[in-house]
There are 2 protein chains.
Amino acid sequence: MSKQELEVIGQDAACCPEVSAAPLDERRAAELAKVFKALGDPVRLRLLSMIASRRGGEVCVCEMTPAFDLSQPTISHHLKLLRQAGLVDCERRGTWVYYWALPDVLDQLAAFLSTRQTAAATVGATA
Amino acid sequence: MSKQELEVIGQDAACCPEVSAAPLDERRAAELAKVFKALGDPVRLRLLSMIASRRGGEVCVCEMTPAFDLSQPTISHHLKLLRQAGLVDCERRGTWVYYWALPDVLDQLAAFLSTRQTAAATVGATA
DNA sequence: AGGTTGCATCAACGAATGTCAATACAGGCC
DNA sequence: GGCCTGTATTGACATTCGTTGATGCAACCT
């Protein structure tokens, strides 16, 4: 279940120029758009924040489904999209399925969007 | 033309908790989803990066339209969505219309997505 | 005034998306 | 085995989205 056809953001994207650095080429724009589209739904944003803010790191689907006024298949569908975007992963343990956040893609997006210095760069520059 | 019905991200959202801090409430999730949806299209991402990466700060529509294999109304439509998301603004000067980036919303999104320390927090902590 | 150029809006179309009921699958329990 | 519970998948539907040609509007130029 953990293996999807994701790999949405490739290896070579680890060192991504931010939005204000240079115009995006078509390929990278398509990659990024896929992830942003996954974030472009309030239900998925709430699901992601539920998962990412969990200190233990894992959230059971049985906990998320009743938190919304939506059917169980709908929640399952949204979780699948978050997985395909590389934002979360999951594992079945017995009857239940647990989800956790993958911070890498989130941090890549944050770095891409930020128009200011990154933490590391700032520390070096102001030292 | 600069006045839209935007105000997508309200004043009270200036100090936004990041995704890994706490579960999002419905209202804020809807606000953020609107902006992420605006970023969820490769054409809009390329338009935004063209605008944001321009050193002079402004880009004429007459420069952007021929950069895509799309009709002029389509580009105009995407630029309108970027404006409504609060990501860019524009002004007519004579025959031409110029667009520029509004970094505030971008930085808010970056802060929301980042699972690591922000620049300011890191500087303070490591001083 | 009339003509031209740059950009926005309108109306319409096919494609993608969000949702649900029904169904299928996986694992525990009797 | 059979039953039950939790989750994923399927099929269908209404809505939204991306795109275009046609049209409208604003500003410049004779």
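Below, all heavy atoms of this structure are taken into account, side chains as well, without hydrogens, waters or symmetry copies. Just so it is clear, the structure is predicted and the values come from calculations on it, not from any experiment. In what follows, every chain begins at residue 1, and chains take the letters A, B, ... in the order their sequences are listed.
- Closest-nucleotide positions on DNA chain D for R93(B) and I75(B) were compared, and the one nearer the 5' end corresponds to I75(B).
- Residue-environment remark: CG (D69(A)) stays at or below the threshold of 12 foreign heavy atoms within 6.0 Å.
- Side-chain nitrogen and oxygen atoms of T74(A) include at least one within less than 4.0 Å of the OP1 or OP2 phosphate oxygen of dC20(C).
- Ring pair F36(B)/F36(A) is parallel by interplanar angle, where below 30° counts as parallel and above 60° as perpendicular.
- Between V61(A) and K37(A), the one whose closest nucleotide on DNA chain D sits nearer the 5' end is V61(A).
- If you take OH on Y99(B) and CG on D89(B), they are separated by 8.5 Å, rounding to the nearest 0.5 Å.
- In this structure, CZ on R46(B) lies 12.0 Å from OG on S53(B), to the nearest 0.5 angstrom.
- Using a 4.0 Å heavy-atom cutoff across all strands shown, L79(A) reaches no nucleic acid atom at all.
- Distances from the side chain of R83(A) to the nucleotides dG18(C), dA8(D), dG6(C) place dA8(D) closest.
- OP1 or OP2 of dA8(D) has at least one side-chain nitrogen or oxygen of S76(A) nearer than 4.0 Å.
- If you check dG18(C), dT20(D), dT19(D) against the side chain of R44(A), the one that comes closest is dG18(C).
- With distances taken from any side-chain atom of V97(B) to the nucleotides dT19(C), dT9(D), dA8(C), the minimum falls on dA8(C).
- With hydrophobic clusters built from ILVMFWY side chains whose heavy atoms lie under 4.5 angstrom apart, V59(A) does not share a cluster with Y98(A).
- Summary of the strand contacts: Q72(A) and T95(A) both lie near DNA chain C, and taking for each the nucleotide with the nearest heavy atom, the more 5' one is attributed to Q72(A).
- Tracing side-chain contacts under 4.5 Å through hydrophobic residues (I, L, V, M, F, W, Y), one never reaches W96(B) starting from L47(B); they form parts of separate clusters.
- Phosphate contact (OP1/OP2 of dT7(D), side-chain N/O of Y99(A), threshold under 4.0 Å): absent.
- Between H78(A) atom NE2 and dT9(D) atom P there is a gap of 15 Å when expressed in whole angstrom units.
- The interatomic distance linking R92(B) (CZ) with dA27(D) (P) rounds to 6 Å, in whole Å.
- If you take CG of L39(B) and P of dC17(D), they are 14 Å apart, rounded to a whole angstrom.
- Counting only heavy atoms from C-beta on, P73(B) has its side chain closest to dG21(D) among dA26(C), dG21(D), dT19(C).
- For D41(A) and W96(B), each mapped to the nucleotide of DNA chain C holding its nearest heavy atom, the one lying further toward the 5' end belongs to W96(B).
- Separating the CG atom of L70(A) from the P atom of dT17(C) is a distance of 18 Å, rounded to the nearest angstrom.
- Spacing between atom CG of L47(B) and atom P of dT19(D) amounts to 10 Å, rounded to whole angstrom units.
- In this structure, the CZ atom of F36(B) is 19 Å from the C1' atom of dT17(C), given to the nearest Å.
- Checked against dT19(C), dT7(D), dT9(D), the side chain of K80(A) finds its nearest nucleotide in dT9(D).
- Distance, K34(A) NZ to dA16(C) C1': 14 Å, rounded to whole Å.
- Going from atom CG of L81(A) over to atom C1' of dG18(C) covers 10 Å, rounded to whole Å.
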